[in-house]
Amino acid sequence: SMCNSSFMTASVAPRAVHAACPHDCPDTCAMRVTVEGGRVVRIQGDPEHATTQGVLCTKVSRYAERTYHDERVTFPMNRVGAKGQGEFVRGSWDDAGNDIAQRLREFAARDAQAIVPYSYAGTMGAVQGEGMAQRFFHKLGASLLDRTICSAAGGDAIAATYGAKIGMQTRFFSESKLIVIWGSNSITSNLHFWTLAQEAKRRGAKLIAIDPRRTETAEKCHQHIALLPGTDGALALGVMHELVAQQWLDHDYIERHVDGFDHLQKRIAEWPPERAAAVCGITADEVRGLARDLGTTQPAAIRLNYGMQRVHGGGNAVRLVALLPCLTGAWRHRAGGLLL
């Protein structure tokens, strides 16, 4: 009985489990999960992890509350009313699995490629994110999904512009004198980058947010440029026009490292700040001001995110923005350049 007693004590005593956040943030935070009596009682960032530094975002730090919430759906629900009325009744896991399997069998018997597994990365775990679903649907003979709905256009654009999917090292943003957060709500979805931006701000850096929406991040930057959705490429061209007009160019860097600048200049000439501003729904002074900041501040860094490339012409918009640090020579500095 002494052994049983010690076993019981060990099983209910609090213990810390090390985990990694599975979300596509992309911080990949290290977590310490405190488990007591088989139940999670606390979730915190690992203070010994260099990036996490003991801090988690609001969503993940409240995971235990979400997991055990009374309103969490933990069993299958079958719709019984018309779609949109919200009428559901509880079903069993066996029935749900059998119903779905039967539907898939019926489709597969006629043409398995009529089944399209349209999904992406809700979690990035090796099993949930990139493992079992693909194996299952591939074995079934379903259509293969080209998984481009998140980031393919932007990634290909960076590779086409720089020769590879490369960018700044995140930690050096803390040394930047200008940080342009272009299409990223860092406080919500890239918290530890915001920590670096705040460090740079304390050292005197200027922070500019470019986003159609006044996000939590935009509110806390020195300036928010609220352009219309899908007009990022026009803004980049207007900025380039002003860089050329004011000769805020690093001619030596362009001569050594930039191909096709003469061809690009012909396109730039078509986009004075007034035209770009009209397309973007902002003022010409905002276009000129952004050009002045990027053209006269070193080191200047751009934190680009994937929102802008999920529209028609989005890949080209990423390419145009990626050219800006090439024209100003920002890439000479480890705290300058761009990160997608």
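In this structure, Arg72 does not pair ionically with Glu65, as no charged nitrogen and carboxylate oxygen lie closer than 4.0 Å. Salt-bridge annotation for Glu106 and Arg110: absent, with no side-chain N of the basic residue lying under 4.0 Å from a carboxylate O of the acidic one. Under the 4.0 Å criterion applied to side-chain N and carboxylate O atoms, Arg267 and Glu270 are assigned as salt-bridge partners.
In this structure, the side chain of His69 engages the main chain of Glu71 through a donor-acceptor pair within 3.5 Å. A donor-acceptor pair is defined here as one N or O able to donate and one able to accept, closer than 3.5 Å; no such pair exists between the side chain of Gln85 and the backbone of Arg79. Panel note: side chain Thr52, backbone Ala30; a donor-acceptor pair is recorded below 3.5 Å.
With values rounded to the nearest 0.5 angstrom, Lys220 atom NZ is found 12.0 Å from Ile181 atom CD1. Note: Ile210 CD1 to Ile302 CD1 = 7.5 Å, rounded to the nearest 0.5 Å. Rounded to the nearest 0.5 angstrom, Asp259 CG and Thr161 OG1 are separated by 12.0 Å. Separation of atoms CG (Leu340) and CD1 (Ile166) is listed at 12.0 Å; rounding is to 0.5 Å. Atoms CH2 and OG1, on Trp248 and Thr328 in that order, are 12.0 Å from each other to the nearest 0.5 Å. Here Asp293 contributes atom CG and Lys206 contributes atom NZ; the two are 3.5 Å apart, rounded to the nearest 0.5 Å.
Within a 6.0 Å sphere centred on NE2 of His251, heavy atoms belonging to other residues, nucleotides or ligands number more than 12. Counted within 6.0 Å of CD on Glu219, heavy atoms from surrounding residues, nucleotides or ligands total more than 12; the atom is thus considered enclosed. The 12-atom threshold is exceeded at CZ of Arg214, counting heavy atoms of other residues, nucleotides or ligands nearer than 6.0 Å. No more than 12 heavy atoms of other residues, nucleotides or ligands lie within 6.0 Å of OH in Tyr118, so this atom counts as exposed by the packing criterion.
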Stepwise, does the side-chain contact (heavy atoms from CB on, under 4.5 Å) test hold for Thr283 with Arg288? CA-CA 9 Å; Thr283 67; Arg288 293 191 182 96; over 6 Å; no
Go through the steps for Ile158 and Val318 under the test side-chain contact (heavy atoms from CB on, under 4.5 Å), then give the verdict. CA-CA 7 Å; Ile158 290 292; Val318 172; 4.0 Å; yes
Show your reasoning for whether side-chain contact (heavy atoms from CB on, under 4.5 Å) applies to Leu290 and Ile225. CA-CA 9 Å; Leu290 180 60; Ile225 300 175; 4.2 Å; yes
Pair Met308, Trp182 - check side-chain contact (heavy atoms from CB on, under 4.5 Å), show working. CA-CA 9 Å; Met308 74 163 62; Trp182 201 319; 3.2 Å; yes
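Linking Ile, Leu, Val, Met, Phe, Trp and Tyr whenever their side-chain heavy atoms come within less than 4.5 Å puts Tyr306 and Leu227 in one cluster. Leu56 is not connected to Met124 by any chain of hydrophobic side-chain contacts under 4.5 Å among Ile, Leu, Val, Met, Phe, Trp and Tyr, and they are in different clusters. Val239 and Trp331 fall within the same hydrophobic cluster, where Ile, Leu, Val, Met, Phe, Trp and Tyr residues are linked whenever their side-chain heavy atoms come under 4.5 Å apart, directly or through other members. Cluster membership for Val180 and Leu243, using ILVMFWY side-chain heavy atoms within less than 4.5 angstrom, is shared. No path of Ile, Leu, Val, Met, Phe, Trp and Tyr side chains, each step under 4.5 Å between heavy atoms, connects Val41 with Met31, placing them in separate hydrophobic clusters.
Closest approach of Thr297 to Ala300, counting heavy atoms only: O-CB, 3.5 Å. Nearest heavy-atom pair across Gly315 and Gln309 is N-CB, 4.4 Å. The shortest non-hydrogen separation linking Ser176 to Ala205 is O-CB, 3.2 Å. Residues Thr51 and His192 share a closest heavy-atom pair of O-CD2, 3.0 Å. Of all heavy-atom pairs between Cys29 and Val55, the closest is SG-O, 4.4 Å. A pairwise comparison of heavy atoms in Arg203 and Ser174 identifies NH1-O, 3.2 Å as the closest pair.
When each of Ser184, Ser189, Ser151 is paired with Asn305, the side-chain hydrogen bond (donor to acceptor under 3.5 Å, both in side chains) condition holds for Ser184 and for no other.
Contact annotation: the side chain of Phe107 never approaches that of Leu140 to less than 4.5 Å [non-hydrogen atoms, C-beta and beyond]. Taking the side chain as every heavy atom from C-beta outward, Cys326 and Ile254 never approach each other to under 4.5 Å. Taking the side chain as every heavy atom from C-beta outward, Leu196 and Ile179 never approach each other to under 4.5 Å.
Judged as a side-chain hydrogen bond (donor to acceptor under 3.5 Å, both in side chains), and not counting sequence neighbours, the contacts of Arg32 are Asp46, Glu48. Every salt bridge (Lys or Arg N to Asp or Glu O under 4.0 Å) that Arg256 has, sequence neighbours left out, goes to Asp252. Applying the ring-ring contact (aromatic ring centres under 6.0 Å, His included) criterion to His222, with sequence neighbours excluded, gives no partner residue.
For the pair Arg332 and Tyr253, the cation-pi test (distance below 6.0 Å, angle within 45°) is failed. A cation-pi contact, defined as under 6.0 Å to the ring centre and within 45° of the axis, is absent between Arg303 and Phe173.
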